[in-house]
Amino acid sequence: MSRTIQSAERVDIIVVGAGFGGMYAVYKFREEGYNVVGIEAGGDVGGVWYWNRYPGARCDLMSVDYSYGFSDEIQQEWNWSEQFAAQPEILAYANFVADRLELRKNFRFNTRVTSARWDEEEKLWRCTTDDGAVLEAPFCIMSTGPLSIPKDPDIAGIERFKGPIYRAQKWPHEEIDFTGKRVGLIGTGSTGIQITQEVGRKAGEFFVFQRTPSWTLPMRNHDLDEAYLAEMKANYPAMRAAMKMNPTGGTRPVSTRPFFSLPPSQRRDVMEHAWLDGGHTFLACFSDLLSNQAANDQVADFVRDKIGEIVEDPEVAEALKPRGYPIFARRPCLDTEYYETYNLPNVHLKDCLKDPIVEIAENGIRTESGEVELDIIIFATGYDALTGALLAFEVVGRGGVLLKDKWKEGPRSYLGILVEGFPNMIATSGPNGPAALANLITIAENDVEWAADLIGHMKKQGLDAFEVTKEAEDRWMDEVFRLAEPSLIRKAQTWWVGSNVKGKPTGLSMYVGGFANYRAHCMAAKNNGYSDLVFDKRAV
Ligand code: NAP
């Protein structure tokens with residue numbers, strides 16, 4: 001007897017998410033002739049760039065890198081205005097792609113997947129959505145994004161505050177007027193830094209409640225002129241090919257020179273040059289900054305000295321200097337006069353390491369030393385990252401196993417793409433890939449194309465279900481942990497290791513071997529004829 005629910009709608013492929021991964025997945029599979037439906041909680045395409053509309057939001061990867069390479073028409077038609085694009089331009093780009101490829105006709109927006117269950121008998125995924133619909137498809141692509149589930153701070157009294165609380169990760173669509181207002185910001189990661197340098201200049205009084213100071217380097221953003229764009233456009237094919245062989249999935253060069261291979265004065269010159277050049281140039285200067293603590297310490301001292309030179313009040317400068325964890329072990333931020341903002345008379349740093357927040361009160365934020373009265377509070381307190389979105393709804397695999405049970409000690413997968421026990425489910429930019437450590441658009445393109453090759457292979461061979469073996473998944477995870485072991489990234493408390501969410505399993509389970517090596521593993525898996533997977537042959 002068939003267990004198919006009568007009202008279910010049958011398609012070939014369900015894609016969850018309309019960020020850059022989901023957009024490409026929908027396009028790719030539709031072009032290959034499949035009936036694809038994309039489901040997205042937001043009102044339109046763009047993923048994190050749809051939600052993150054806070055003042056100052058900007059990508060710190062170069063815009064020509066952080067863009068699709070799969071369509072030469074798109075990269076030839078689109079013109080980036082700045083080296084590091086701001087959120088409105090990135091969202092405009094996502095909309096341009098959606099218009100150009102007519103993606104919206106395949107998406108259901110303002111719709112959230114509430115459960116996804118594998119039906120072993122029917123060999124299909126059955127997804128329910130919050131509008132009561134049921135969709136069935138042999139394949140389910142999870143393009144849910146590594147940074148999709150906002151995290152409020154664990155502070156008592158949030159509901160008591162009388163004024164508005166704005167969350168960076170779900171920012172209102174209308175502009176907010178900060179003029180003359182007393183504004184308090186909690187959070188000093190990439191998001192909080194961008195908000196500070198923007199809102200700090202506009203608010204009446206601006207209070208930054210900083211717990212852990214982040215490392216940030218000058219972005220030195222600039223407009224892109226026509227000659228540069230023309231050169232990029234002429235070189236896009238070679239550039240995209242090079243990005244696939246680069247550890248960052250971008251065009252930033254990679255150094256093979258260890259820090260101590262240069263004499264001290266030359267090391268200093270290289271660092272001065274990197275500081276003036278801006279962007280992530282530091283990471284391209286030396287090969288061992290994330291593996292040699294002594295080298296890392298010297299770069300950290302150099303950056304701390306720079307903070308001391310910029311910030312006029314020595315006490316504030318001291319509080320802004322990160323200590324106790326390696327530089328680059330927390331996502332390095334790029335800023336535009338962030339430290340200079342603290343020289344403004346209306347901007348005040350509240351050092352919560354010395355004077356912790358006790359609660360949020362009706363009229364402000366109370367620390368151990370007293371209350372700061374505020375009109376507006378902003379949370380820039382990060383995400384339940386990497387696994388949060390995949391565990392935010394019920395995902396049930398073979399034998400009724402819940403993904404959240406399988407991952408109770410931390411995420412385990414094969415290439416960050418497939419999960420043992422979850423047949424025909426494919427994740428893009430999944431938690432055991434290079435997700436946060438390389439260009440997410442390059443990773444998403446790789447993963448979608450890998451998935452399309454796999455499904456194409458199955459179609460040709462008359463196969464209707466795949467599952468990665470436990471041995472292959474264990475082998476991948478052993479490799480992930482082997483590479484993570486010596487990495488300095490493990491020494492910081494961050495979303496990279498899951499320590500920002502209470503009760504979440506902690507540990508570095510991202511692939512730190514670089515995008516190029518990751519891609520080589522993906523290619524080998526395909527070229528080996530998918531020998532790490534077991535398949536079911538279609539009944540004829
Ligand atoms: P985040 O890096 O996780 O930072 C969250 C901040 O909130 C931390 O400073 C944290 O302090 C603070 N916080 C949390 N709970 C707190 C509490 N109870 N009291 C005081 N402080 C508290 O999050 P994010 O800044 O949103 O960045 C997340 C990621 O998004 C980035 O790493 C990056 O990958 C991406 N991003 C990129 C860009 C860009 O391209 N420029 C911009 C924005 C975001 P503790 O560290 O002490 O917990």
Side-chain angles (χ1 to χ4, degrees), residues 47-49 51-63 65-66 83-87 90 145-158 167-171 184-198 207-217 219 221 250 279-280 320 322-325 328-336 338 349-360 365-368 377-386 388 429 434-441 489 492-502 504 506 510:
V48 74
W49 300 105
W51 297 106
N52 277 229
R53 295 163 188 254
Y54 61 83
R58 184 179 292 282
C59 184
D60 59 14
L61 297 186
M62 289 195 292
S63 39
D65 287 13
Y66 191 73
Q83 187 175 28
F84 297 97
Q87 176 272 339
I90 301 171
L147 295 166
S148 319
I149 304 292
K151 190 190 122 324
D152 271 1
D154 306 318
I155 302 173
I158 293 175
R167 289 163 174 82
Q169 319 91 330
K170 289 273 154 75
W171 198 263
L185 167 78
I186 301 179
T188 50
S190 304
T191 305
I193 284 173
Q194 291 185 332
I195 290 173
T196 297
Q197 65 198 18
E198 191 78 14
F207 298 87
V208 181
F209 293 83
Q210 171 191 271
R211 192 163 59 186
T212 310
S214 292
W215 298 99
T216 173
L217 302 165
M219 177 177 267
N221 197 13
H280 284 124
L320 285 167
R323 296 196 188 273
Y325 71 95
F328 308 123
R330 175 180 282 253
R331 173 73 150 65
C333 314
L334 297 183
D335 69 88
T336 300
Y338 170 68
L349 183 68
K350 306 297 287 181
D351 182 351
C352 300
L353 292 177
K354 284 197 181 137
D355 183 16
I357 297 176
V358 176
E359 62 173 357
I360 293 180
I365 295 177
R366 204 159 66 76
T367 65
E368 280 182 1
I377 295 177
I378 300 174
F379 290 161
T381 42
Y383 299 84
D384 181 356
L386 299 167
S429 313
L437 306 170
N439 183 339
L440 272 165
I441 299 190
I489 290 178
Q493 303 294 306
T494 67
W495 65 267
W496 282 356
V497 297
S499 61
N500 66 326
V501 177
K502 229 184 223 163
K504 191 168 172 165
T506 54
M510 283 188 292

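Note that ligands are numbered from 1 as they come in the structure, with each ligand's atoms numbered from 1 the same way. Quick note: residue numbers are just sequence positions, from 1.
The protein atom (non-hydrogen) at minimum distance from atom 47 (O) of ligand 1 is Thr212 OG1, 2.5 Å. Scanning all protein heavy atoms for the shortest distance to atom 3 (O) of ligand 1 gives Trp495 CD1, 3.6 Å. Among all non-hydrogen protein atoms, the one lying nearest atom 36 (N) of ligand 1 is Ser190 CB, 3.9 Å. Closest to atom 23 (O) of ligand 1, if we only count protein heavy atoms, is Gly382 CA, 3.2 Å. Of all protein heavy atoms, the one lying nearest to atom 10 (C) of ligand 1 is Arg211 NH2, 4.5 Å. Protein heavy atom closest to atom 39 (C) of ligand 1, with residue, atom name and distance, is Arg58 O, 3.2 Å. Summary of contacts: the protein heavy atom closest to atom 35 (C) of ligand 1 is Leu147 CD1, 3.7 Å. Nearest protein heavy-atom neighbour of atom 13 (N) of ligand 1: Thr381 CG2, 3.8 Å.
Interface atoms of ligand 1 facing Gln194, defined by a heavy-atom separation under 4.0 Å, are 39 (C), 41 (N), 42 (C). Listed by atom number, the atoms of ligand 1 under 4.0 Å from Gly187 heavy atoms are 6 (C), 7 (O), 9 (O), 12 (C). Each of the atoms 39 (C), 40 (O), 41 (N) of ligand 1 lies under 4.0 Å from some heavy atom of Asp60. Atoms of ligand 1 lying under 4.0 Å from at least one heavy atom of Cys59, given by number and element, are 40 (O). Interface of Ile155 with ligand 1, defined as ligand atoms under 4.0 Å from a residue heavy atom, comprises 18 (N).
The side chain of Tyr54, and not its backbone, has at least one atom closer than 4.0 Å to an atom of ligand 1 (non-hydrogen atoms only; side chain from C-beta on). Under 4.0 angstrom from ligand 1, there are no non-hydrogen atoms of Gln169. When non-hydrogen atoms are compared, ligand 1 lies under 4.0 Å from neither the backbone nor the side chain of Phe209. Here Ala380 has backbone heavy atoms under 4.0 Å from ligand 1, and that is the only part of it that gets that close. Proximity of Ile186 to ligand 1, defined as any heavy-atom pair under 4.0 Å, is confined to the side chain (atoms from C-beta onward). With a 4.0 Å cut-off on non-hydrogen atoms, Arg330 touches ligand 1 through its side chain and not its backbone. The proximity of Asn52 to ligand 1, defined as any non-hydrogen pair under 4.0 Å, does not occur for either the backbone or the side chain.
Here the closest non-hydrogen pair linking Cys352 and Ile357 is SG-CG1, 3.8 Å. Across all non-hydrogen atoms, the minimal contact from Asp60 to Cys333 is OD2-CA, 4.3 Å. Residue Ser214 comes nearest to Arg330 through the heavy atom pair OG-CD, 3.7 Å, listed as atom of the first residue, atom of the second, then distance. Annotation for Glu359 and Ile155: closest pair CA-CG2, 3.8 Å, computed over non-hydrogen atoms. Scanning both residues, Pro213 and Tyr325, for their nearest heavy atoms gives O-OH, 2.7 Å. In terms of heavy-atom proximity, Tyr383 sits nearest to Ser148 at CD2-N, 3.9 Å.
There is a protein heavy atom closer than 4.0 angstrom to atom 43 (C) of ligand 1.
With Thr381 contributing its side chain and Lys151 its backbone, the two residues share a donor-acceptor pair below 3.5 Å. With hydrogens and angles disregarded, no donor-acceptor distance shorter than 3.5 Å links the side chain of Lys504 to the backbone of Trp495. A donor-acceptor pair is defined here as one N or O able to donate and one able to accept, closer than 3.5 Å; no such pair exists between the side chain of Asn439 and the backbone of Gly250. In this structure, the side chain of Gln169 engages the main chain of Gly382 through a donor-acceptor pair within 3.5 Å.
Heavy atoms of Ala436 come nearer than 4.0 angstrom to ligand 1 in no pair at all.
Summarising the geometry, atom CG belonging to Leu320 is positioned 11.5 Å from atom CH2 belonging to Trp215; distances are rounded to the nearest 0.5 Å. The distance from atom CD1 of Ile365 to atom CZ of Phe207, rounded to the nearest 0.5 Å, is 10.0 Å. Rounding to the nearest 0.5 angstrom, the gap separating the SG atom in Cys59 from the CD1 atom in Ile441 is 7.5 Å. If you take CG on Asp355 and CZ on Phe209, they are separated by 9.0 Å, rounding to the nearest 0.5 Å.
Residue Tyr383 has no nitrogen or oxygen atom sitting less than 3.5 Å from a nitrogen or oxygen atom of ligand 1, judged on distance alone. Geometrically, ligand 1 and Asn500 share no nitrogen or oxygen pair separated by less than 3.5 Å.
Looking at Ile186, Thr188, Leu185 one by one, the single match for side chain to side chain contact (heavy atoms under 4.5 Å, CB included) with Gln210 turns out to be Thr188.
Taking each of Thr188, Leu61, Val48, Thr191 in turn, the one with a heavy atom nearest to atom 24 (P) of ligand 1 proves to be Thr191.
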